[in-house]
Number of protein chains: 2
Amino acid sequence: MPRSPATPPRPARSAPEKDVSARVSALSARLKARGLKHSAVRDVILDEFFRAGTHVSIEQLLERVRKREPATGYSTVYRTLRLLVESGDATERDFGGAHALFEPADSHHHDHVVCVECGAVREFEEKAIEELQEKVARRLGFRITSHRLELYGLCSSCAAAGRAGRAP
Amino acid sequence: MPRSPATPPRPARSAPEKDVSARVSALSARLKARGLKHSAVRDVILDEFFRAGTHVSIEQLLERVRKREPATGYSTVYRTLRLLVESGDATERDFGGAHALFEPADSHHHDHVVCVECGAVREFEEKAIEELQEKVARRLGFRITSHRLELYGLCSSCAAAGRAGRAP
DNA sequence: TTTTCTGCAAACCATTTGCAGTTAG
DNA sequence: CTAACTGCAAATGGTTTGCAGAAAA
């Protein structure tokens with residue numbers, strides 16, 4: 001039962017202002033077309049979600065959102081994220097930790113490397129691996145619809161920290 | 001949130017008698033050395049677990065065990081499996097379904113292909129993929145300690161059934 | 001007004017654990 | 001007799017859902 005740290009310390013890249021607001025308003029329009037209503041809280045959730053740019057848990061996102069909308073409840077964030085997943089704008093990931101993590105759904109497929117020490121998540125793409133997966137599937141007579149590839153280990157910082165010990 | 005069927009219909013290979021009993025008694029001895037006691041119920045659980053030969057959930061295993069030891073409780077199976085995982089004799093898997101699945105820990109590493117229709121699980125080994133994973137890790141500065149690769153799709157039977165429709 | 005949104009609290013549910021009685025050694 | 005084992009029932013803990021009031025359209 002691998003347990004990943006509750007709060008990945010490394011903030012990672014965050015999306016540039018323009019990208020985020022454009023994305024949010026486009027999405028907002030799409031939601032409206034679905035007959036859904038507009039709301040301030042939801043806007044903040046969307047904004048913070050796409051601004052985070054990394055894999056965030058509901059709790060982490062809630063924390064960010066509450067800085068702007070203090071009364072926000074867990075369920076609202078939960079339901080909004082669910083909405084995004086259903087509309088295909090977010091992807092739910094389970095890296096074995098306690099909580100599920102969510103990330104904006106990019107158009108391009110990618111897999112993940114997860115640091116078991118600090119929880120940092122990096123993405124990668126390796127065409128050759130995908131091809132080999134297809135080959136294996138063919139060999140076994142399977143028609144693959146999706147896959148899941150995650151590498152677990154130590155990121156360079158944590159590996160270095162480990163070698164050096166934790167002395168100040 | 002992928003939901004895999006509760007009861008994989010395909011029984012898959014089951015280990016030959018001799019292998020199982022040998023394995024069970026060896027394990028039993030090892031447990032005794034740990035200061036643990038011998039018990040009829042536990043023996044049945046071990047026997048059924050290694051006899052199953054495939055990925056089984058606690059519930060599935062419990063069902064088999066109860067045919068021989070009707071009074072057996074869920075927690076006992078749970079605790080025995082936990083014991084096996086800790087001793088390195090079993091591996092816990094999570095293919096996204098409701099329950100965790102367990103399989104005897106073989107010495108050789110392997111990955112899985114899972115049929116999303118019937119829940120069948122096949123194992124495979126692809127050295128080339130492992131090597132590419134190492135390459136990717138090196139590129140990103142990670143020291144990999146483990147990984148997880150699962151292919152999801154339709155097995156040949158389910159694919160065929162799908163093409164033919166469900167007519168009798 | 002009507003429909004959707006929200007926060008809160010309760011419900012879910014697989015998994016864990018506490019407990020008291022049973023059993024192996 | 002002591003320590004481990006067992007079944008049962010209750011506790012956990014993240015995730016979902018029911019509900020009544022608030023807010024859009």
Side-chain angles (χ1 to χ4, degrees), chain A residues 1-7 27-46 55-63 65-66 68-87 90 92-102, chain B residues 1-7 27-46 55-63 65-66 68-87 90 92-102:
Chain A
M1 216 179 283
R3 188 153 314 220
S4 59
T7 313
L27 182 52
S28 223
R30 202 129 45 83
L31 293 180
K32 192 176 297 179
R34 272 225 270 161
L36 303 185
K37 290 179 178 176
H38 184 267
S39 107
V41 177
R42 186 175 287 172
D43 268 3
V44 173
I45 296 176
L46 296 181
H55 308 73
V56 290
S57 68
I58 293 183
E59 303 248 22
Q60 289 164 351
L61 188 51
L62 178 60
E63 193 180 338
V65 170
R66 277 189 172 153
R68 293 211 254 161
E69 288 286 336
T72 310
Y74 182 101
S75 3
T76 302
V77 174
Y78 165 76
R79 281 188 274 233
T80 303
L81 245 23
R82 173 68 5 114
L83 212 56
L84 290 183
V85 170
E86 278 162 17
S87 69
E92 190 174 352
R93 303 280 179 191
D94 166 22
F95 294 138
H99 318 281
L101 300 186
F102 297 81
Chain B
M1 217 178 284
R3 189 153 314 221
S4 58
T7 312
L27 183 51
S28 226
R30 202 130 44 85
L31 293 179
K32 192 178 295 181
R34 274 224 270 161
L36 304 185
K37 290 180 177 175
H38 184 267
S39 106
V41 177
R42 187 175 286 173
D43 267 3
V44 173
I45 296 175
L46 296 181
H55 308 73
V56 290
S57 68
I58 294 182
E59 302 249 22
Q60 290 164 351
L61 188 52
L62 179 59
E63 194 180 338
V65 170
R66 277 189 172 153
R68 293 211 253 159
E69 290 285 335
T72 309
Y74 181 101
S75 3
T76 302
V77 175
Y78 164 75
R79 280 187 274 232
T80 302
L81 245 23
R82 175 65 8 113
L83 213 54
L84 291 182
V85 170
E86 278 163 17
S87 69
E92 190 174 352
R93 303 280 181 190
D94 165 23
F95 294 139
H99 317 281
L101 300 185
F102 296 81

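First the proteins, then the strands, lettered A, B, ... as listed; each starts at 1.
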A:Asp43-A:His38 side chain donor-acceptor pair, cut-off 3.5 Å: yes
Using modelled atom types only, decide if a donor and an acceptor are shared between the side chain of B:Glu86 and the backbone of B:Leu83 within a distance under 3.5 Å. no
Whole-Å distance separating the CD atom of A:Gln60 from the P atom of D:dG14: 13 Å
Restricting to side-chain contact (heavy atoms from CB on, under 4.5 Å), what partner residues turn up for A:Glu63, sequence neighbours left out? none
B:Ser75: what forms a side-chain contact (heavy atoms from CB on, under 4.5 Å) with it, not counting sequence neighbours? B:Arg79
Residues which pass salt bridge (charged side-chain N to carboxylate O under 4.0 Å, His left out) with B:Arg30, listed by chain and number, not counting sequence neighbours: B:Asp89
Proximal nucleotide (of C:dT16, D:dG7, C:dG7) relative to the B:Thr76 side chain: D:dG7
From NE2 of B:His99 over to P of C:dC12, roughly how many Å is that when rounded to an integer? 17 Å
Give the rounded distance in Å between these two atoms: OH of B:Tyr78 and P of D:dA11. 17 Å
Starting at the 5' end of nucleotides 18-25 of chain D, put B wherever the base has a protein heavy atom under 4.0 Å, S where only the sugar-phosphate does, and a dash everywhere else. B----BBS
Which comes earlier along DNA chain D counting from the 5' end, the contact point of B:Arg42 or that of B:Arg66, where each point is its nearest nucleotide? B:Arg42
A:Phe95 atom CZ is separated from D:dG14 atom P, nearest whole Å, by 18 Å
Please list, chain by chain and in numerical order, all residues satisfying side-chain contact (heavy atoms from CB on, under 4.5 Å) with B:Thr76, sequence neighbours excluded. B:Val41, B:Ile45, B:Thr72, B:Thr80
Separation of atom CD1 in A:Ile58 from atom C1' in D:dT15, rounded to whole Å: 7 Å
For atom CG of A:Asp94 and atom P of D:dG14, their distance in whole Å: 13 Å
Check the distance between C:dT6's P and A:Asp43's CG and give it to me in whole angstrom. 10 Å
Going through the checks in order, is the side-chain contact (heavy atoms from CB on, under 4.5 Å) test met by B:Ile58 and B:Phe102? CA-CA 8 Å; B:Ile58 294 182; B:Phe102 296 81; 3.7 Å; yes
Within the pair A:Tyr74 and C:dG7, is there a side-chain N or O less than 4.0 Å away from OP1 or OP2? no
Could you state the atom-to-atom distance from CZ of A:Arg34 to C1' of C:dT4 in whole Å? 13 Å
